[in-house]
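What follows is a short report on a single structure.
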Amino acid sequence: MDSIASVLVTHIFVCLMLAIIFFVTWRTIEPKLHTLCWGLLFVVAAVKAILNIFPEIFYSQTFYWIFVNAMSLVIQALGLVGHRIRRNMEPFPKWILMCFVLVELAVVWFTVVQPHMGLRMVFIPYSGGIMMLFAAWIIATPSRPVRAAEWGAVAVYVIFALSQILAGTYALMQGEFRDDYYLNLYAQVNFIFHPGAFSGLGLFTVLIVADDLADRMRQLAVTDQLTGVFNRRGFEEKSQNTFAIAKQRNTPVSIVVADIDHFKSINDTYGHSVGDEAIKLFAQRLKQGIRETDILGRVGGEEFVILLPNTELESAMQLVERVRENVASTPVQCLSDQIAMTASFGIARLGINAESIKEMLANADGALYLAKESGRNRVAAYAPV
């Protein structure tokens, strides 16, 4: 067995192993479409490597060349589409599909219509290099901080892309006719990098999938499943840092405790499913009425708490009053009935007999009690005695 065949056999085993890992992951712990895409990628890569070992199964070398290049484009597409799906982007926009079609048409043209050794070999590695750089950009530009596994995948993608561009350049330097010197350089770069690069991409992509799953587990631990806002634990974790910064910088911070009025009667009259809908609607109205920097959590059955950084008591009163009016004007839909719902709010501020979140919450609870005692459907601020 020659050296290239040995490399291809290694490549086949690596791809099959990674394909099994991704399919098991897809079937068991991460049933997402992007995981399936990556599993299919390594299946196609393994089949392509097998065909490279046994090209004689094709009736002509021309058809073999066109077919395996088409498979290379499928591999590129599956990798890129997987990363786009993971980022909630459109999987396959028309311009990407058009690029792949044009690349394959160029391969056919310079293989069959106007034979040119350099040009027929350059498009696939150049296309692969560009698509891998594009995938690296997608991974490296999320709306949150980039994780370690993602940086690892970005590094491997960039190195692999540069190797493909180098291999394509050597192929192009052959000119119109075969040149064994440049063809040998092309083969060395292409086949030396492939097994290692595919292994690296596969392993880092597996780490990305595992990291995504761990992140969702962390989110579930701090998220209220009914409303999607922070639960008590999540609110406390998130608000502690914001509160510490406010105290350090001596900036105002207010806190709001909100409670649905007569919630028990909604549950008793219409049932718990309607009560859940009322809680979800209330949470939506709260989210719509606050800013992105504010922190909202559900800390009880129908009780919510909001931390408002950089907010004086008067501004907090104005913001919460708008929320109160919105809640009161939006009934809960129950079959053909519309159930009126109101809420009461208590507000407290840092520094008014409160130097901690616990003290602020106690003061806001006192203000909420005052709002309830005053007739409900109103906003009350803590006033120290």
- Item | Heavy-atom pair with the smallest gap, counting every atom of Tyr170 and Val189 | CE1-CG2, 3.8 Å

- Okay, side chain of Arg324, backbone of Asn326: is any donor-acceptor separation there less than 3.5 Å? no

- Note on the structure: Rounded to the nearest 0.5 Å, the CG atom of Asn69 sits from the CD1 atom of Ile124 at a distance of 4.5 Å

- Message: Please check this pair: side chain of Arg120 against backbone of Val108, looking for a donor-acceptor N/O pair closer than 3.5 Å.
- Response: no

- Task: Hey, could you give me each pair passing ring pair (Phe, Tyr, Trp, His ring centres under 6.0 Å) that has a residue in residues 263-288? Not counting sequence neighbours.
- Result: Phe282-Phe304

- Message: For the backbone of Thr311 and the side chain of Ser315, can you confirm whether one donor and one acceptor N or O come within less than 3.5 Å of each other?
- Response: no

- Task: Keeping the roles fixed (side chain from Asp261, backbone from Asn377), state whether a donor-acceptor pair exists under 3.5 Å.
- Result: yes

- For atom CD of Glu321, is the number of surrounding heavy atoms from other residues, nucleotides or ligands below 6.0 Å larger than 12? yes

- Message: Strictly distance-based, threshold 3.5 Å: is any side-chain N or O of Glu104 a donor or acceptor partner for the main-chain N or O of Val101?
- Response: no

- Parallel, tilted or perpendicular: rings of Phe198 and Phe160 (30°, 60°): perpendicular

- Indicate yes or no: at least one non-hydrogen side-chain atom of Phe63 is less than 4.5 angstrom from one of Thr111. no

- Task: Could you walk me through whether Arg349 and Met360 pass side-chain contact (heavy atoms from CB on, under 4.5 Å), step by step?
- Result: CA-CA 6 Å; Arg349 197 196 75 125; Met360 290 173 64; 5.7 Å; no

- Output the rest of the hydrophobic cluster of Ile20: all Ile, Leu, Val, Met, Phe, Trp and Tyr residues reachable through side-chain heavy-atom contacts under 4.5 Å, sorted by chain and number. Val24

- Message: Please give me the minimum heavy-atom distance between Ala149 and Asp211, naming the atom from each residue.
- Response: CB-OD2, 4.5 Å

- Query: Is a side-chain donor or acceptor of Ser344 paired with a backbone partner of Asp259 at a separation under 3.5 angstrom?
  - Reply: no

- Message: So does Gly301 get a backbone contact from the side chain of Arg298, meaning a donor-acceptor N/O pair under 3.5 Å?
- Response: yes

- Taking Ser199 for the side chain and Ala197 for the main chain, is one N or O donor matched with an acceptor at less than 3.5 Å? no

- Okay, side chain of Ser265, backbone of His262: is any donor-acceptor separation there less than 3.5 Å? yes

- Besides Tyr369, the hydrophobic cluster formed by Ile, Leu, Val, Met, Phe, Trp and Tyr side chains linked at under 4.5 Å, directly or via other members, contains none

